[in-house]
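Working notes, structure below.
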Amino acid sequence: MNKKRKNKDGYPFILYEHESYSEDITLKRSESFYQWMNKRRTVRDFAPRSIPKEVIDKLILTASTAPSGAHKQPWTFCVVTNPNLKSKIRLAAENEEHKSYHGRMSESWLQDIRPLQTDWHKPFLEIAPCLIVVFKKVYDILPDGTKRNNYYVNESVGLACGLLLAAIHAAGLVALTHTPSPMNFLSKILNRDENERPFLLIPVGYPAAKTYVPDLKRKKINEIAAYYE
Ligand code: IYR
């Protein structure tokens, strides 16, 4: 069988090698993947134990398998393990978060997050061995300096972050999707180009011993799905 062919404009296509299962196995696999993903939790207390760079590389490569608008892969994952940079990020984040918790966030917002027991202190930004700062590339800059548009950037980078969280969980690590607001201090501290905008700050590591997380309940299937048969 021909594994390669060209589309009508001459662009290469390759045969998609699909892994197919019986209905019974499909059911079992969907169930067990759900059971396992349902164990993932956001963790805010980290152990000061480092992660090998090869592991981080694989997590990022997994994230980068996400679909993206026009396959532009409009993301940069900055991996911060340098203690000095982590301290700078903590200081800047806490400065913004202090203002948020003391005036910028509405009473109802503060009420909504009370069960999570967060506040403006962000010690995990120094304790977690690794901060993955995800930047979205609103456009690309070609080597000759010209700008090329990217598409569906928020959707694309959001999908990549979802896969990143799944990869982190699969590796036996934990993460926190932290969104200090505003986040432009990250561009300055990490010296990023103007086409890159901070999207999510994700501390990654091992949980501290005896970590407790909020007893959250996830919505039932009938609350989140609508079937049209
Ligand atoms: N960004 C702040 C506040 C915060 C907001 C939401 I929405 C949360 O789900 C949790 C926290 C912080 O990181 O503390």
Side-chain angles (χ1 to χ4, degrees), residues 37-48 51 59 63 75-136 138 153-169 173-190 192 196-208 210-220 223-224:
M37 279 304 292
N38 198 25
K39 291 189 188 144
R40 187 204 58 79
R41 293 301 311 265
T42 286
V43 166
R44 291 187 162 76
D45 300 307
F46 291 85
I51 310 168
L59 302 177
W75 41 66
T76 306
F77 299 88
C78 294
V79 182
V80 183
T81 54
N82 178 296
N84 191 23
L85 283 178
K86 286 200 292 179
S87 300
K88 277 192 180 166
I89 290 173
R90 176 181 178 181
L91 203 70
E94 287 186 334
N95 180 41
E96 293 296 355
E97 292 293 276
H98 190 273
K99 289 184 214 159
S100 296
Y101 278 88
H102 295 89
R104 284 204 291 229
M105 288 157 81
S106 65
E107 225 1 88
S108 60
W109 187 351
L110 290 170
Q111 183 72 35
D112 277 341
I113 62 171
R114 207 149 286 150
L116 309 178
Q117 229 182 56
T118 58
D119 61 28
W120 65 271
H121 297 95
K122 304 297 173 193
F124 50 76
L125 293 173
E126 283 184 298
I127 299 169
C130 164
L131 310 177
I132 301 184
V133 188
V134 185
F135 286 85
K136 63 177 181 184
V138 287
V153 170
N154 288 322
E155 292 84 346
S156 304
V157 182
L159 288 162
C161 288
L163 295 187
L164 179 63
L165 295 183
I168 289 166
H169 183 51
L173 300 165
V174 294
L176 162 60
T177 41
H178 181 40
T179 51
S181 175
M183 296 205 257
N184 43 347
F185 65 86
L186 291 166
S187 307
K188 290 200 195 89
I189 294 175
L190 300 177
R192 301 314 303 175
E196 296 175 305
R197 312 279 160 79
F199 187 81
L200 261 185
L201 170 45
I202 311 181
V204 184
Y206 294 90
K210 293 256 177 344
T211 295
Y212 285 79
V213 295
D215 186 14
L216 304 180
K217 303 287 176 250
R218 292 189 162 121
K219 288 184 176 174
K220 304 271 176 289
E223 297 174 281
I224 55 172

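Values below: every heavy atom of this structure, side chains too, minus hydrogens, waters and symmetry copies. Order of listing sets the numbers, starting from 1, for every ligand and every atom in it. As the structure is a prediction and not an experimental result, all values here were calculated from the model.
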* Asked: With a cut-off of 6.0 Å (strictly less than), are more than 12 heavy atoms of other residues, nucleotides or ligands near CD of E223?
  ->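 It does: E223 CD has more than 12 such atoms within range.
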
* Asked: Going by heavy atoms in the side chains, are I89 and L201 under 4.5 Å from each other?
  ->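 Side chain of I89 against side chain of L201, heavy atoms only: contact under 4.5 Å found.
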
* Could you go step by step and tell me if Y101 and I113 meet the side chain to side chain contact (heavy atoms under 4.5 Å, CB included) rule? -> CA-CA 11 Å; Y101 278 88; I113 62 171; 3.7 Å; yes

* To do: Identify, with sequence neighbours excluded, every residue that meets ring-ring contact (aromatic ring centres under 6.0 Å, His included) alongside F124.
  =>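 F124 satisfies ring-ring contact (aromatic ring centres under 6.0 Å, His included) with H178 only.
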
* Asked: Sequence neighbours excluded, which residues qualify as side-chain contact (heavy atoms from CB on, under 4.5 Å) partners of S108?
  ->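 For S108, the residues satisfying side-chain contact (heavy atoms from CB on, under 4.5 Å) (neighbours in sequence not counted) are S106.
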
* Tell me, please, which residues at least two apart from T42 pass side-chain contact (heavy atoms from CB on, under 4.5 Å). =>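 Listed in chain order: R40, R44, L176, T177.
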
Considering only N or O atoms, set out every pair between ligand 1 and the protein closer than 3.5 Å, with distances to one decimal place.
{"residue": "ligand 1", "atom": "1 (N)", "partner": "E97", "partner atom": "OE1", "Å": "3.2"}
{"residue": "ligand 1", "atom": "1 (N)", "partner": "T179", "partner atom": "O", "Å": "3.3"}
{"residue": "ligand 1", "atom": "13 (O)", "partner": "E97", "partner atom": "OE1", "Å": "3.3"}
{"residue": "ligand 1", "atom": "13 (O)", "partner": "K122", "partner atom": "NZ", "Å": "3.4"}
{"residue": "ligand 1", "atom": "13 (O)", "partner": "H178", "partner atom": "ND1", "Å": "3.1"}
{"residue": "ligand 1", "atom": "14 (O)", "partner": "E97", "partner atom": "OE1", "Å": "3.1"}
{"residue": "ligand 1", "atom": "14 (O)", "partner": "Y101", "partner atom": "OH", "Å": "2.5"}
{"residue": "ligand 1", "atom": "14 (O)", "partner": "K122", "partner atom": "NZ", "Å": "2.5"}

